[in-house]
Visitor: 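For reference, the structure I am asking about is given below.
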2 protein chains.
Amino acid sequence: MATIKDVAKLSGVSVATVSRVINKSPKASKASIESVTKAMRELGYRPNANARALVSQSTNTVGVVVGDVSDPFFGVMLKAVDKVARQHNKHMLIGNGFHEAKTEREAIELLINSRCESLIIHSKGLSNQELIDFADEVPGMVVINRYIPQIANRCIALDNHKGSYLATEYLIKHGHTRIGYISSTYDIEDTQQRRAGYIDALVANGIEVDENFIEYGTPDEEGGEKAMTNLLSKNLDMTAIATYNDYMAAGCLSIMDENGIASPQDVSVIGFDDGIIAKYLSPKLTTVRYPINIMAEQAAQLSVQLAKGEKSNEYPRMFVPTLVRRRSVLAK
Amino acid sequence: MATIKDVAKLSGVSVATVSRVINKSPKASKASIESVTKAMRELGYRPNANARALVSQSTNTVGVVVGDVSDPFFGVMLKAVDKVARQHNKHMLIGNGFHEAKTEREAIELLINSRCESLIIHSKGLSNQELIDFADEVPGMVVINRYIPQIANRCIALDNHKGSYLATEYLIKHGHTRIGYISSTYDIEDTQQRRAGYIDALVANGIEVDENFIEYGTPDEEGGEKAMTNLLSKNLDMTAIATYNDYMAAGCLSIMDENGIASPQDVSVIGFDDGIIAKYLSPKLTTVRYPINIMAEQAAQLSVQLAKGEKSNEYPRMFVPTLVRRRSVLAK
DNA sequence: CTGTTAGCGCATTCAC
DNA sequence: GTGAATGCGCTAACAG
């Protein structure tokens with residue numbers, strides 16, 4: 001592959017001049033611009049990004065760690081990051097964390113080794129302390145979807161508790177009192193917070209909390225099916241169900257369908273996330289919106305600023321979820 | 001940020017020795033391994049990937065260009081690529097092409113500049129020739145979801161025509177003869193091929209082809225809604241509809257629902273892709289499976305081999321779609 | 001406006 | 001087993 005030297009030789013100028021036209025330096029004569037451009041084309045020259053990064057101490061890269069690229073949730077997150085990266089003429093290096101400490105750590109270290117000046121980290125496996133250490137190491141690092149008090153100004157998170165509280169309250173306002181909850185088996189903050197939101201809403205409305213009304217499963221359709229099956233077998237006479245996320249709600253609906261239980265006529269269901277599938281379910285799912293796209297945008301914006309050494313305090317860093325009314329909830 | 005020199009100084013050895021322990025060279029005494037390791041830890045040393053890439057002429061990176069990361073279709077593609085990249089101890093650099101020539105070109109050039117030795121390109125905007133040129137430039141480049149005769153051994157594609165043919169034939173076998181088709185307005189190969197598959201299946205079965213039965217829209221839910229609305233307004237007495245993809249099928253179903261037309265009782269619908277939403281629709285969508293995950297895996301495998309200079313001919317490079325039977329098609 | 005030169009951080013010869 | 005020296009491809013003084 002041709003190097004800058006080859007171009008210099010062919011165009012009859014020095015490497016410095018070539019570098020100047022590559023970087024559109026104002027001090028470069030029309031003549032040299034022409035001859036260099038011609039030589040570059042002839043040689044199929046491609047400036048080596050690694051060499052540039054090495055000498056200019058900047059890679060123009062924002063690194064992102066997501067849970068799993070194949071999850072549409074992270075897909076929209078990545079797109080949002082890409083959008084602002086693009087605005088700043090940067091590109092994206094991506095790593096999958098798979099919600100596990102080891103993979104998350106490896107992914108982050110890889111991004112650091114690659115000298116990404118901006119980092120947007122979605123981590124559920126690493127401890128607060130480890131994340132804090134990484135944040136201390138990389139000024140441009142931002143944590144998304146998680147709140148860590150010691151580095152609060154580097155976190156963009158959602159108030160999970162409030163989301164679940166909202167959802168449950170919405171059901172209560174519609175006259176429901178026998179409300180089941182389908183929770184996740186993943187032991188992460190989100191799980192606890194959402195579950196607590198459900199419980200607190202019940203308590204606040206004078207409804208007795210009964211552990212029997214809570215079932216668990218993996219946070220996907222199968223998990224929702226399993227949890228709902230267990231719930232049904234207890235014959236609890238529920239009229240509504242709140243769920244950890246939309247996928248579990250989907251599983252829940254599917255089990256109901258198989259058992260001849262109509263939604264929302266017999267049982268109302270409410271999801272969480274407002275993911276891509278929510279509007280495709282039948283009935284269209286009433287759910288809690290997780291504004292991951294704008295959260296990711298702001299995270300990216302913030303991380304770029306931090307990387308530049310700028311401070312920024314203008315963003316709302318704790319986002320509040322809102323309710324998306326569709327058709328899966330009916331007044332009792 | 002600490003460099004290899006700092007580590008050398010602190011551990012009292014030369015940079016060469018430090019380099020040896022970093023790279024686990026067999027010729028490195030236990031003593032130096034220890035002192036160097038200790039120094040690295042103390043300094044929080046991170047080997048600079050750019051410098052390594054520069055000197056070792058290898059980045060260990062596979063670059064991927066997708067249409068849009070937020071589309072779940074590409075999400076599963078990326079995950080598959082990541083899986084084999086991981087197996088080979090490589091990581092992923094990702095670019096969005098957005099199906100446009102300019103963005104696709106920029107994305108590819110960025111990956112080349114970053115010296116990705118493997119490239120997996122999903123491009124619908126670039127011309128065959130331009131893609132061929134890129135392929136000539138980068139030995140480890142593979143084109144996915146597109147077939148270019150001149151570089152056939154570097155392409156992993158799906159037989160779109162056959163998929164659509166299969167779908168249409170399936171409807172015909174179920175007694176349908178008045179079959180509408182919802183096509184895409186995107187002027188790419190896939191559109192033409194799938195449309196042709198529909199037409200050829202009709203012809204092969206002695207059913208007259210009527211342009212009135214074909215409507216167009218953007219390849220998403222809205223497009224499907226629009227196309228179906230147009231189709232319905234023509235009062236064609238259709239009993240079945242084949243669609244360009246699952247999203248358009250979703251839009252189609254949604255319009256039917258609003259108009260009191262039941263599926264599959266009144267009108268059967270068949271999708272294409274077997275994307276994430278197919279099984280969430282109501283009725284669960286009968287569709288054509290696009291095995292993008294295994295295609296992407298093989299593309300990644302192939303590109304890694306090509307990058308190493310190995311030849312490989314063992315893969316089926318043209319994949320054939322299969323039918324996924326669910327509940328949206330009923331015999332007439 | 002242009003060329004010479006010195007590194008950026010690292011791996012790798014080649015002597016020792 | 002180790003260290004000194006060289007160069008990967010490029011940018012940025014600096015001197016002209």
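To find a chain, count down the sequence lines: A is the first, B the second, and so on, and within it residues start at 1.
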Visitor: With a 3.5 Å cut-off and no angle check, do the side chains of B:Ser32 and B:Ser29 form a donor-acceptor pair?
Guide: yes
Visitor: Could you check whether A:Tyr290 and A:Phe319 have their ring centres less than 6.0 Å apart?
Guide: no
Visitor: Quick one, which residues of residues 21-43 of chain B touch DNA chain C with a heavy atom under 4.0 Å?
Guide: B:Asn23
Visitor: Does A:Val18 reach a base, just sugar-phosphate, or nothing at all? Heavy atoms under 4.0 Å.
Guide: nothing
Visitor: Does B:Gly12 or A:Arg20 map to a spot on DNA chain D nearer the 5' end, using the closest nucleotide for each?
Guide: B:Gly12
Visitor: Could you pull out all residues at least two apart from A:Glu34 that satisfy salt bridge (Lys or Arg N to Asp or Glu O under 4.0 Å)?
Guide: none
Visitor: When you measure from the side chain of B:Arg146 to the backbone N and O of B:Val143, does any donor-acceptor pair fall under 3.5 Å?
Guide: no
Visitor: Distance check, rounded to the nearest 0.5 Å: A:Asn145 atom CG versus A:Glu189 atom CD?
Guide: 10.0 Å
Visitor: Pick base, sugar-phosphate or nothing for B:Ser19, based on heavy-atom distances below 4.0 Å to the nucleic acid.
Guide: base
Visitor: Decide if atom OH of B:Tyr186 counts as having more than 12 heavy atoms of other residues, nucleotides or ligands within a radius under 6.0 Å.
Guide: no
Visitor: With A:Asp187, which residues qualify under side chain to side chain donor-acceptor pair (under 3.5 Å), at least two apart?
Guide: A:Gln192
Visitor: When rounded to the nearest 0.5 angstrom, what distance separates CZ in B:Arg154 from CD1 in B:Ile132?
Guide: 10.5 Å
Visitor: Do A:Asn113 and A:Glu109 meet the criterion of a side-chain donor-acceptor pair at a distance under 3.5 Å?
Guide: no
Visitor: Walking along DNA chain C from 5' to 3', note the first and the last nucleotide with an atom under 4.0 Å from a heavy atom of chain A, and give both.
Guide: C:dC1 to C:dG9
Visitor: For residues A:Asp68 and A:Ser70, is any side-chain donor paired with an opposing acceptor at under 3.5 Å?
Guide: yes
Visitor: Flag the pair B:Val76 / B:Ile276 as yes when at least one side-chain heavy-atom distance between them is below 4.5 Å, and no otherwise.
Guide: no
Visitor: If the helix axis at each end comes from five base pairs, how far does the helix from C:dC1-D:dG16 to C:dC16-D:dG1 deviate from straight, to 10°?
Guide: 40°
Visitor: On DNA chain D, which is the earliest and which the latest nucleotide, 5' to 3', with an atom closer than 4.0 Å to a heavy atom of chain B?
Guide: D:dG1 to D:dG9
Visitor: Looking only at side chains, do B:Glu117 and B:Thr59 share a donor and an acceptor under 3.5 Å apart?
Guide: yes
Visitor: To the nearest 0.5 angstrom, please state how far the CZ atom of B:Phe73 sits from the CD1 atom of B:Ile292.
Guide: 4.0 Å
